Amino acid sequence: MIVKVCGMREAENIRAVEQTGADWMGFIFYPRSPRFVPAPPSYLPQSVRRVGVFVNAGEADIRERADAFRLDSIQLHGQELPSLCQQLREAGLTVIKAFAPKQAKDFTATADYEDCADYFLFDTPTASFGGSGRPFDWSLLRHYTGRTPFLLSGGLCPDSLEALHQFRHPRWAGIDLNSGFETAPGRKDAELLQSFITKFKSH
């Protein structure tokens with residue numbers, strides 16, 4: 001199972017979280033986010049995959065950030081078209097397309113991205129783009145019958161462990177952790193993360 005820790009900003013915190021057992025680390029390039037990263041910190045992770053999170057950004061901006069942060073993956077949280085996903089993949093980047101399902105029929109939107117996204121990310125619906133800190137109804141995911149593997153996001157916290165251990169889906173590939181493990185926006189509790197990740201992966 002993939003564990004992604006998102007919303008990282010500070011060099012020393014990045015160093016600490018890199019040692020927790022996380023597989024991917026996310027950097028948010030959406031200016032309205034309290035976890036927005038305007039420029040590369042003095043340290044970037046070496047042993048985990050770097051994911052850039054964007055909302056309705058243009059390809060040129062994404063490519064510029066990808067070069068500056070030496071990103072491995074791009075996570076798209078807006079109304080990005082399949083054509084952009086394909087262009088980023090052709091540039092050698094892994095593409096994660098986020099969706100926030102409210103009802104069963106919302107999963108039909110994933111069909112257009114089946115051949116141009118490497119992963120989907122299912123998050124809690126909000127009035128903005130992600131970052132609600134609340135979980136959604138995971139039972140909705142029984143209606144997802146696509147081929148693309150997905151990450152589960154939205155309000156995951158230390159208390160989510162039991163529910164995660166009980167969750168099943170043939171395309172479930174991992175989890176996305178953020179505000180539920182923070183001491184302040186963009187600053188993670190590395191000890192709490194390490195304990196949680198160890199328990200999650202050992203089940």
Side-chain angles (χ1 to χ4, degrees), residues 1-7 22-26 28 30 32-33 35 49 51-57 62 72-89 93-181 196-197 199-203:
M1 277 282 164
I2 297 162
V3 175
K4 172 175 169 270
V5 178
C6 200
D23 304 291
W24 297 357
M25 193 177 290
I28 296 176
Y30 180 49
R32 293 186 180 182
S33 171
R35 298 164 186 85
R49 291 181 65 84
V51 182
V53 180
F54 297 86
V55 178
N56 295 327
I62 294 173
D72 303 292
S73 306
I74 304 298
Q75 182 174 312
L76 302 172
H77 260 271
Q79 289 86 37
E80 299 87 3
L81 296 174
S83 56
L84 175 60
C85 298
Q86 189 60 43
Q87 289 164 348
L88 295 172
R89 283 184 86 183
L93 293 159
T94 299
V95 174
I96 306 156
K97 182 68 183 80
F99 297 90
K102 294 180 182 177
Q103 50 193 331
K105 67 179 184 180
D106 293 341
F107 291 102
T108 59
T110 65
D112 291 339
Y113 296 84
E114 279 282 0
D115 297 320
C116 59
D118 298 279
Y119 296 89
F120 294 147
L121 181 142
F122 293 128
D123 201 357
T124 304
T126 67
S128 54
F129 297 97
S132 70
R134 302 189 311 273
F136 66 97
D137 180 5
W138 297 352
S139 68
L140 275 175
L141 291 165
R142 71 182 184 276
H143 300 289
Y144 172 61
T145 57
R147 304 185 309 274
T148 303
F150 69 86
L151 303 185
L152 190 58
S153 185
L156 296 178
C157 67
D159 292 338
S160 305
L161 199 60
E162 183 176 348
L164 286 168
H165 284 161
Q166 294 175 359
F167 181 70
R168 297 288 184 273
H169 193 288
R171 292 290 178 263
W172 183 33
I175 57 175
D176 182 40
L177 308 177
N178 196 342
S179 61
F181 294 86
F196 181 89
I197 292 171
K199 292 172 183 174
F200 174 69
K201 290 194 172 188
S202 64
H203 185 75

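What's counted below: heavy atoms across the whole structure, side chains too, no hydrogens, waters or symmetry copies. Nothing here was measured: the structure is a model prediction, and the numbers come from that model.
Interatomic distance, Ile62 CD1 to Gln87 CD, rounded to the nearest 0.5 Å: 9.5 Å. Rounding to the nearest 0.5 angstrom, the gap separating the CZ atom in Arg142 from the CG atom in Leu140 is 7.0 Å.
Within the 4.5 Å cutoff, side-chain heavy atoms of Leu88 are placed close to those of Leu76. With contacts defined as side-chain heavy-atom distances shorter than 4.5 Å, the pair Tyr119/Ile2 qualifies.
Between Ala109 and Phe99 the shortest heavy-atom distance is O-CE2, 3.9 Å. The two residues Pro149 and Ala173 have their closest heavy-atom pair at CB-CB, 3.8 Å. Across all non-hydrogen atoms, the minimal contact from Ala22 to Val5 is CB-CG2, 3.8 Å.
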Task: Phe120 and Tyr113: CA distance, side-chain angles, deciding distance, ring pair (Phe, Tyr, Trp, His ring centres under 6.0 Å) verdict - done: CA-CA 9 Å; Phe120 294 147; Tyr113 296 84; 7.0 Å; no

TODO: Start with the C-alpha distance between Arg35 and Asn178, add both sets of side-chain angles, then the distance that settles side chain to side chain contact (heavy atoms under 4.5 Å, CB included), and finish with yes or no.
DONE: CA-CA 10 Å; Arg35 298 164 186 85; Asn178 196 342; 3.3 Å; yes

Task: Working for side chain to side chain contact (heavy atoms under 4.5 Å, CB included), residues Asp72 and Met25 - done: CA-CA 10 Å; Asp72 303 292; Met25 193 177 290; over 6 Å; no

Open item on the list: Could you walk me through whether Trp138 and Leu164 satisfy the side chain to side chain contact (heavy atoms under 4.5 Å, CB included) test, starting with their C-alpha distance in whole Å, then the side-chain angles of each, then the deciding distance to 0.1 Å, before giving a yes or no?
Closed with: CA-CA 10 Å; Trp138 297 352; Leu164 286 168; 3.6 Å; yes

Task: Gln75 and Leu121: CA distance, side-chain angles, deciding distance, side chain to side chain contact (heavy atoms under 4.5 Å, CB included) verdict - done: CA-CA 8 Å; Gln75 182 174 312; Leu121 181 142; 3.7 Å; yes

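Residues forming a side-chain contact (heavy atoms from CB on, under 4.5 Å) with His169 (at least two apart in sequence, or on another chain): Leu141, Tyr144, Phe150, Phe167, Arg171, Trp172. Legend: residues meeting salt bridge (Lys or Arg N to Asp or Glu O under 4.0 Å) with Asp118, ordered by chain and number and at least two apart, are Arg89. Scored by the side chain to side chain donor-acceptor pair (under 3.5 Å) test, Ser139 finds Asp137 as partners (sequence neighbours excluded). Partners of Phe200 by ring pair (Phe, Tyr, Trp, His ring centres under 6.0 Å), not counting sequence neighbours: none found. In this structure, the side chain to side chain donor-acceptor pair (under 3.5 Å) partners of Thr148, at least two apart in sequence or on a different chain, are Glu114. Listed by chain and number, the residues in a side-chain contact (heavy atoms from CB on, under 4.5 Å) with Ser73 are Arg49, Val51, Thr94, Ile96 (sequence neighbours excluded). With sequence neighbours left out, the side chain to side chain donor-acceptor pair (under 3.5 Å) criterion links Asp23 to Lys201. The side chain to side chain donor-acceptor pair (under 3.5 Å) check on Asp112 picks up nothing, with sequence neighbours excluded.
Aromatic ring centres of Phe54 and Tyr30 lie farther apart than the 6.0 Å criterion allows.
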Cut-off 3.5 Å, no hydrogens considered: what does the side-chain donor-acceptor table look like for residues 151-163, sequence neighbours left out?
from	atom 1	to	atom 2	distance (Å)
Ser153	OG	Asp176	OD2	3.0
Ser160	OG	Cys157	N	3.0
Ser160	OG	Cys157	O	3.2
Glu162	OE2	Gln166	NE2	3.4

Anything under 3.5 Å between a donor and an acceptor, one on a side chain of residues 100-107, the other on a protein residue two or more places apart or in another chain? List them.
from	atom 1	to	atom 2	distance (Å)
Asp106	OD2	Lys102	N	2.6
Asp106	OD2	Gln103	N	3.0

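Each salt bridge (Lys or Arg N to Asp or Glu O under 4.0 Å) pair with one or both residues in residues 73-88, not counting sequence neighbours, appears once here: Glu80-Lys97.
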